[in-house]
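So the structure is just underneath, and the comments pick up after that.
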Amino acid sequence: MFAAAALPATAGAFALSHQCPPSFENREGHCRLQTVYQRYTSLNDAGVGGLKTGLPPVRDGFTPEQIDLGRYLFFDPALSRTGKVACASCHRPSRGFADDRPGVGVTGTAERRKAPSLWNVAFLRRFFWDGRAHSLEEQLKGPLYGAQEMGNRPARLLTTLNGMTAYRALFAEAFTDTGGGIRSDHVYQALAAFESSLISLNSRYDLYAHGVADALSPPEVEGLNVFRSFVARCAECHTPPLFTNQQIAVIGMPEPKGRPFDPGAGAISGEPTLRGGFKVPSLRNVALTAPYGHAGQFATLRDTVAFYTGGRGHAVPSGEKLQLHWHIWEPKLSAGELDRLVDFLDALTDESFRPTAPTGVPSGLPIPN
Amino acid sequence: MNKQCLVTSVIVAALAAGSGYLYARRQAAPAPTTAAESTAATLAHVQGGAAAHLSSLPGTGGSHGSVITVKDGDSIQDAVARAKPGDTVQILPGTYRQTVYIDKDDIALVGVIRGADWPTFDGEGKRNDAVLYSGNGVRVENLKIVNFKGNAIMGQAGNNFVIRHNWIANAGVYGIFPEFAQNGLIEYNVLTGIEDAAIYVGMSDNIHVAHNEVYGNVAGIEIENSRHAVVEHNLATDNAAGILTFVTPGLPIKTTFDVIIRNNFVVANNHKNFAAVGSIVSGAPSGSGIIIMAAADVIVENNMIRDNKNAGIIVSDHKSFANITPDPETDPNPERIQVLHNLFANNGYEPMKEIRALMAVNLTREGPDLVGVGGGAGSCIADRDSLKILGVVTSWGVCTRTSTADVTNYLLDKPAPPREISTGERGKLIYSSVCAGCHAYNVRMIGPPTQILQVMYAANPQGIADYIAAPVKKRDDFPAMPPQAHLSPELRLAVAQYMLSVNQPKPAPAAP
């Protein structure tokens, strides 16, 4: 929405917003994050702790034009081999920028893992469920060029974009060095700029953290206390303020019925004790991102929290020897406590800064819904 | 009676030491009759008196506010809700079947002990934690805490804390567990029956753990992924392992260094290890006095380490320890460990099989006072000839340092400071991070654009500040604004002033 209204009235023309998105301050042409969490410190600047704890280092400083160009690219199916799949097809804005329907890639085949939410990715140091990428630019090449996802190739993508007058003009506005044409790094940077602008830090939980004691209802506070207690231990890995400690953890979630075991981070490092390990996801906006788990194996949050009280290793397939994380144990949470956890997780929802989809994209292709 | 007497009596008892002392202490509450009835006056005395240099910790709760008294049958949480920073919640003897959380700064939770009657938190085996806090400057004192499932006292990111003179039994996984904290004091507590570490300092800096008694736990005291900690004058006995300092992999803060373990009694830690399956301490072998795993710059000095059946001190890397998943971002080796003069007696009389194998290789039948396994460099030992040593320790050099007397403690001289942000700067943060979501500068979003509000309220920031406290719906074509009454009047004015200044030309600098 922040850019849509800045569109000129001329039909068919595209222009880039010169305003930074909400929660960013335009400092000499670069958008710098502004959040109340900047009032707080964090031990060793690690960005993990309790309620009034500073955030991890943020990726910001993109220009408003790069961010808005990234928005057009994000919604444009011209980035895929078939012209039918956009980033937004799987990272659906209305679903917390995650996916709720596998198999929308160019081949129609279901990916084995669920597309993670993009909210607050500006704070992350690891990407993909198995943590194999270390920057947004490195990550986004995965789906762009993945055969089952967008199925494109670098040269083909550049030919497509350079062949469109509108994109040539927009890239020339967002970058100073497009004289030789649009390059891959321009595309990656614009997409990373847009993704880094997706900030969700104004939930009712945040208001509570900033000191407004009645921002959470009594059942939600009860849920917070279960969440951070050392019985449930949720906060040990889903650590505030981002609700992830960004580590890899082996917790032994089941695969969807009939699917083979996913070795996760173990397949990347070759380290046997990381077999079945996945990156701890942030829980911000989690109520919007059903289904849950690395493969979307749980339909609801209630089912998901119940997994943790089902017994250590209860879903590990026979024959698999996993070194389960030490925090996976037998917390014996009551049904009421599980309900309260879900109440609390609902209080982490904030999409007040959700950008809207453009009404049209420079390729002229229909935007996938 | 005041706190000073209590402190003195504990020290005298500790000096008397010996098995008789241990036996006696296990039978009874920690010096219950000497504790004073706490009043604001004696609290102030505690702050400035007793073990003065440690107890002062300026900035902790209760030092300057009013006292809210809670009696048996009352809700402590209601009192905490009423308390303002600086206040003391004073808890009279009684049984409190409650969980208390403190999400504000500078609050003291202080029990009143009358004779043998303690204010007792009873989890009845079904509550998770007794005290949870996230505020800075929290103080928890004089409480008896029993029968919880999780922790007795757990802090997340609360700096400048004091946890003192609590009596904790069968209170779950950890007894006292500050995490992500800077600058804290844990002293004169007694803990037993904890199924992991009785005192567990996790991912914290500048911590002092002194004069505590820990017995009958899986681990007595653990300093994990933490820096600048002193553990001194504690009694760790009858645990599976006495005092531990670890780098545990897979945590977001990756190091442990500058830890001093000195002047402790580490005696007969031969309890069965009853930790939960899969926990890190379930890999700690029963009968271990001190375990150092993958930590750096740890100094062990002047401890009485005796009758630990497996070994007096174990120094290990990650690979040699059970249950450890390696982490490429951590150094898996112990580095620069210094074992200065300590008193060792009768350790290693019934060692685990890995140590027995080392003994066989070294053709000795004596179990070790000090054993080292795995990698690491720069470690040293002061008096190798008088110790039974085993493993890589045989290649350690001789320490050049002779004592840690130069380090009184690693606490900060002043409280860990909050990040100072002026009211004006806070106004800007709130405008940018909250208001601008609806009021973009020149674009219609959910509310009217800032540009239009600047015309409407030119030179009238107070008008905005008053309006946003209790907004009324003004325009049919816009939704009503949510009230911002939770912001103080000063902050509302600062937000308004910033809103009116956005994108406005800066006033010309004043003439010199």
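Here is how names work: the chains are called A, B, and so on, in the same order as the sequence lines, proteins then strands, and each is numbered from 1.
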Just so I understand: if I count every heavy-atom pair under 4.5 Å between each of [options] and chain B, which residue has the most?
options	value
L274(A), L333(A), V212(A)	V212(A)
R228(A), H210(A), Q246(A), E271(A)	R228(A)
L224(A), L33(A), V221(A)	V221(A)
F24(A), W329(A), Y208(A)	Y208(A)
V36(A), I248(A), L324(A), V48(A)	V48(A)

Selection from [options] maximising heavy-atom pairs under 4.5 Å formed with chain A:
options	value
Y431(B), Y101(B), Y133(B)	Y101(B)
L251(B), D105(B), T248(B), T99(B)	L251(B)
V434(B), L487(B), I430(B), D103(B)	D103(B)

In terms of heavy-atom proximity below 4.5 Å to chain B, should [X] be classed as side chain, backbone, both, or neither?
X	value
R125(A)	side chain
P272(A)	neither
A213(A)	neither
E330(A)	neither
S269(A)	neither

[X] versus [Y], closest heavy-atom pair with distance:
X	Y	value
Q156(B)	A235(A)	NE2-CB, 3.7 Å
L51(A)	S134(B)	CD1-OG, 3.3 Å
T53(A)	A157(B)	OG1-CB, 3.3 Å
P22(A)	A436(B)	CB-O, 3.8 Å
P326(B)	T273(A)	CD-OG1, 3.1 Å

Salt-bridge contact R233(A)-E179(B) (side-chain N to carboxylate O under 4.0 Å): no
salt_bridge(R39(A), E425(B)) N-O dist < 4.0 Å: no
Side-chain heavy atoms of [X] within contact of [Y], under 4.5 Å:
X	Y	answer
F180(B)	T239(A)	yes
N128(B)	N225(A)	no
N44(A)	D205(B)	yes
I253(B)	L43(A)	yes

Residues W326(A), T325(B); criterion side chain to side chain contact (heavy atoms under 4.5 Å, CB included); working and verdict: CA-CA 10 Å; W326(A) 63 94; T325(B) 299; over 6 Å; no
Any donor-acceptor N or O pair under 3.5 Å, side chains S432(B), E25(A): no
Toward chain A, the part of D129(B) with a non-hydrogen atom under 4.5 Å: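 Answer is side chain: those atoms of D129(B) sit under 4.5 Å from chain A.
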